[in-house]
Amino acid sequence: VFHYAVTCVAFALDVMGGVSNITRSIVVTPVADLQIMWPSIQKKLSSTLAQFDLSTSLQLISATAAALNAVNCSVPKSCEALHRFPCESVAHTCGNCLSGYVGVDNSNKACVLASTNAIFALTSAESVSNHRYLATYTTNGGYCANNLTCLSQSCVSSHCTRDQKTCPSNCFGHGVCKFYDFYLRVSSHCYTEDYHCSAICECTKGWEGDDCSLSSHSGTFYSNVRLELCSNLLNITSIADVSAVEMRSRSNILVGILKNVQQISDA
């Protein structure tokens, strides 16, 4: 897939050993506004279910779930130049580090090359929390030549310093970024190298989502769509027995529907 271009190849074989194939290139553009398209999707889904066209119904459910989970992936820097996977799950943010590199998850800070001599634990007490620096550790902090030497990407006075994690898109100005420890207790700090804490947006009234980018109206809409998709998937599963392969495929669709727990209703 490149710039939404997809090459489709179909193969045909017969019992006499004849083989043929055909190739077509198509462009699949992303959904511009799901709220506008949803009535048409509902109508099509209702029609395919009434005709017991389960294959098309599942494709519609899967595609809609993917649209629900899509984020704005315009990023300030090339993710490849930062040694990271492309943006996928956090808006305006590159993915995790490429193989062979280390750094914090989902960030626009560069990952640094891993080496057997690069990662040193801190004091034994801090090692319990898996705090790590990319520099030779000293009691005053790891020595560094520049920001890229440190996992935190912060080198002050030749020593690695600890940076706090940030919330997605800084909550878009519609909330407050708060730190939570492993047990979801409010914490006064959450360092980038600590894998046991999280920076989470606490949205102001009228805003929702991981990054507080959704109005309450939009949040309710997405919650209702996920509920309807889940209900339709359940109905499809109850119509006929399926193989183990089909069940795994439907399980993956369900994971997509339930991906954002903040948009799951109690119904």
Item to check | Within-4.5 Å side-chain heavy-atom neighbours: K165 and C197 | outcome: yes

Checklist outcome for this item: Partner of C212 under disulfide bond (SG atoms under 2.5 Å apart), picked from C203, C201, C171, is C203

Checklist entry - Any luck finding a side-chain donor-acceptor pair between E228 and Q42 under 3.5 Å? => result yes

Item to check | Heavy-atom check, side chain of C94 versus side chain of N106, under 4.5 Å | outcome: no

Checklist entry - How about S215 and S218: does a side-chain donor come under 3.5 Å of a side-chain acceptor? => result yes

Item to check | Aromatic plane relationship, W207 with H174 - under 30° parallel, 30 to 60° tilted, over 60° perpendicular | outcome: parallel

Item to check | Shared hydrophobic cluster for I41 and L49 (ILVMFWY, side-chain gaps under 4.5 Å) | outcome: yes

Item to check | Pair L229-T64, side chain to side chain contact (heavy atoms under 4.5 Å, CB included): steps then yes or no | outcome: CA-CA 8 Å; L229 292 180; T64 306; 3.8 Å; yes

Item to check | Min side-chain heavy-atom separation Q164-H189 under 4.5 Å | outcome: yes

Item to check | Connected via hydrophobic side-chain network under 4.5 Å: L58 and L234 | outcome: no

Item to check | Derivation and outcome, side chain to side chain donor-acceptor pair (under 3.5 Å), residues T56 and T48 | outcome: CA-CA 7 Å; T56 302; T48 56; over 6 Å; no

Checklist entry - If you take all heavy atoms of K109 and R84, which pair is closest and at what distance? => result O-NE, 2.6 Å

Checklist entry - Would you call the rings of F182 and H196 parallel, tilted or perpendicular if under 30° counts as parallel and over 60° as perpendicular? => result perpendicular

